[in-house]
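Report on the structure given below.
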Amino acid sequence: MEQTKPRFLVKKIYSILRSVVIVEIVSYVVSLTDTAIAGLCLGKEAFASVGLLTPVVLFSTFITAVVNSGTVIQYSYYVGKFDREKADDYLRHGLLLASGISIVFITSLLLFKGRYIESLHLSATMAQYVDDYYSIIVFFFMLDMVSCILDNLTIAEGGESFSAVANVMQILGNVILSALFAFLWGVRGIAIGSVLLQGCILGHLLYLRLLLQARLPCRENQLLSFGSNFRRTLDGIQDLQDEPFQTR
């Protein structure tokens, strides 16, 4: 019996590791597949235009990682301590923070869209491609911030297989749907396909949370204390250093 325990733990760790890696690379893969589809279906100018939004993708991924890391670490830690109330509290804070930042982020991207495109000094055709893709794909980033937290929480609660399957299906579905929509609506269709798939994944993750009986009560005073939630979530990693794990 003692020999089977390490094997089980090793398998579990590798299973979680694979799922986490897939979660983290989804936004990169979606960006790469969108770029490839634009080149194959619409030509080299569309290929170059979609690729010009890579800096926006990287910045969005960075913000998502910051919010996601503090929330998931704290949530997992307090679940391990059997303090479900505090774990749910951090979960609510993380989701509120992700939702708030995503709204600010998408608003800023849309406000500065014109200046960003002008700074690239593109031809009229490429500028139109960038504008068409940019105007829709920003909603992907908004959905991704919330879905990443739910995705990693699903993994933390033992649902890594569900998470891995969902993300693989998202990547494959994005290729099929974006390619189909590219022939219908051009570069705009590629972005629509990516956003629709991300919305489906978010809906799937919310459904999994219901299956896992997650409690997400939202009280009015929590909505009014967003600044406090922001500090508590981003201080998650520091709190772990101040309060070491118990090994016994």
Side-chain angles (χ1 to χ4, degrees), residues 20-38 46 48-72 93-117 119-120 129-154 163 166-175 177-178 181-182 185-206 226 229-230 233-234:
V20 170
V21 169
I22 293 174
V23 171
E24 296 301 327
I25 67 172
V26 162
S27 59
Y28 293 109
V29 174
V30 168
S31 177
L32 290 173
T33 54
D34 282 0
T35 304
I37 291 169
S49 300
V50 173
L52 288 172
L53 290 180
T54 299
V56 180
V57 176
L58 295 176
F59 184 62
S60 172
T61 304
F62 167 73
I63 295 176
T64 301
V66 170
V67 178
N68 181 61
S69 297
T71 302
V72 174
H93 295 158
L95 291 176
L96 284 171
L97 179 60
S99 300
I101 289 180
S102 65
I103 293 173
V104 173
F105 185 64
I106 191 174
T107 302
S108 301
L109 288 177
L110 291 174
L111 285 175
F112 291 99
K113 178 184 68 173
R115 291 187 179 181
Y116 177 73
I117 295 175
S119 68
L120 298 175
Y129 278 142
V130 173
D131 183 74
D132 289 345
Y133 184 74
Y134 189 116
S135 299
I136 296 175
I137 201 63
V138 290
F139 294 97
F140 172 88
F141 305 137
M142 180 180 68
L143 297 173
D144 186 55
M145 289 186 186
V146 178
S147 66
C148 271
I149 291 180
L150 294 175
D151 211 345
N152 280 286
L153 290 176
T154 301
S163 172
N167 283 287
V168 170
M169 292 302 294
Q170 180 183 3
I171 294 171
L172 296 176
N174 182 73
V175 173
L177 206 59
S178 294
F181 287 173
W185 301 302
V187 170
R188 191 182 293 269
I190 296 175
I192 291 174
S194 298
V195 173
L196 282 178
L197 260 298
Q198 185 61 52
C200 291
I201 291 299
L202 179 57
H204 172 71
L205 292 170
L206 289 171
F226 186 81
N229 297 340
F230 181 84
T233 303
L234 293 187

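All residue numbers in this chain count up from 1 along the given sequence. None of the values given here were measured: they were computed from a predicted structure.
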For [X], which residues count as a side chain to side chain contact (heavy atoms under 4.5 Å, CB included) partner, sequence neighbours excluded?
| X | answer |
| --- | --- |
| Leu120 | Leu52, Tyr116, Leu122 |
| Thr54 | Leu58 |
| Leu110 | Ile106, Val138 |
| Val29 | Ile25, Thr33, Ile171 |

Counterpart residues, ring-ring contact (aromatic ring centres under 6.0 Å, His included), relative to Phe105 (two or more places apart):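 Only Phe59 meet the ring-ring contact (aromatic ring centres under 6.0 Å, His included) criterion with Phe105.
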
All ring-ring contact (aromatic ring centres under 6.0 Å, His included) counterparts of Phe181, not counting sequence neighbours: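 So Phe181 forms a ring-ring contact (aromatic ring centres under 6.0 Å, His included) with Trp185.
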
Check against side-chain contact (heavy atoms from CB on, under 4.5 Å), Leu109 and Phe141: CA-CA 10 Å; Leu109 288 177; Phe141 305 137; 4.1 Å; yes

Verdict with supporting geometry, Ser178 and Asn174, side-chain contact (heavy atoms from CB on, under 4.5 Å): CA-CA 6 Å; Ser178 294; Asn174 182 73; 3.4 Å; yes

Side-chain donor or acceptor of Ser99 paired with backbone N/O of Leu96 under 3.5 Å: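 The answer is no, because no donor-acceptor pair under 3.5 Å joins these two groups.
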
Suppose we screen for side-chain hydrogen bond (donor to acceptor under 3.5 Å, both in side chains). Which residues come up paired with [X], at least two apart in sequence or across chains?
| X | value |
| --- | --- |
| Tyr133 | Asp34 |
| Ser135 | Lys113 |
| Ser31 | none |
| Ser60 | none |

Sequence neighbours excluded, every pair satisfying salt bridge (Lys or Arg N to Asp or Glu O under 4.0 Å) that has a member inside residues 187-202: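 For residues 187-202: Asp132-Arg188.
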
Check: Val195 and Gln198 side chains under 4.5 Å, non-hydrogen atoms: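 Sidechains of Val195 and Gln198: no contact.
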
Roughly how far apart are [X] [atom1] and [Y] [atom2], rounded to 0.5 Å?
| X | Y | atom1 | atom2 | answer |
| --- | --- | --- | --- | --- |
| Leu197 | His204 | CG | NE2 | 12.5 Å |
| Leu32 | Ile37 | CG | CD1 | 11.0 Å |
| Cys200 | Leu143 | SG | CG | 10.0 Å |
| Asp131 | Ile136 | CG | CD1 | 9.5 Å |

Trace of the side-chain contact (heavy atoms from CB on, under 4.5 Å) decision for Leu150 with Leu95: CA-CA 9 Å; Leu150 294 175; Leu95 291 176; 4.1 Å; yes

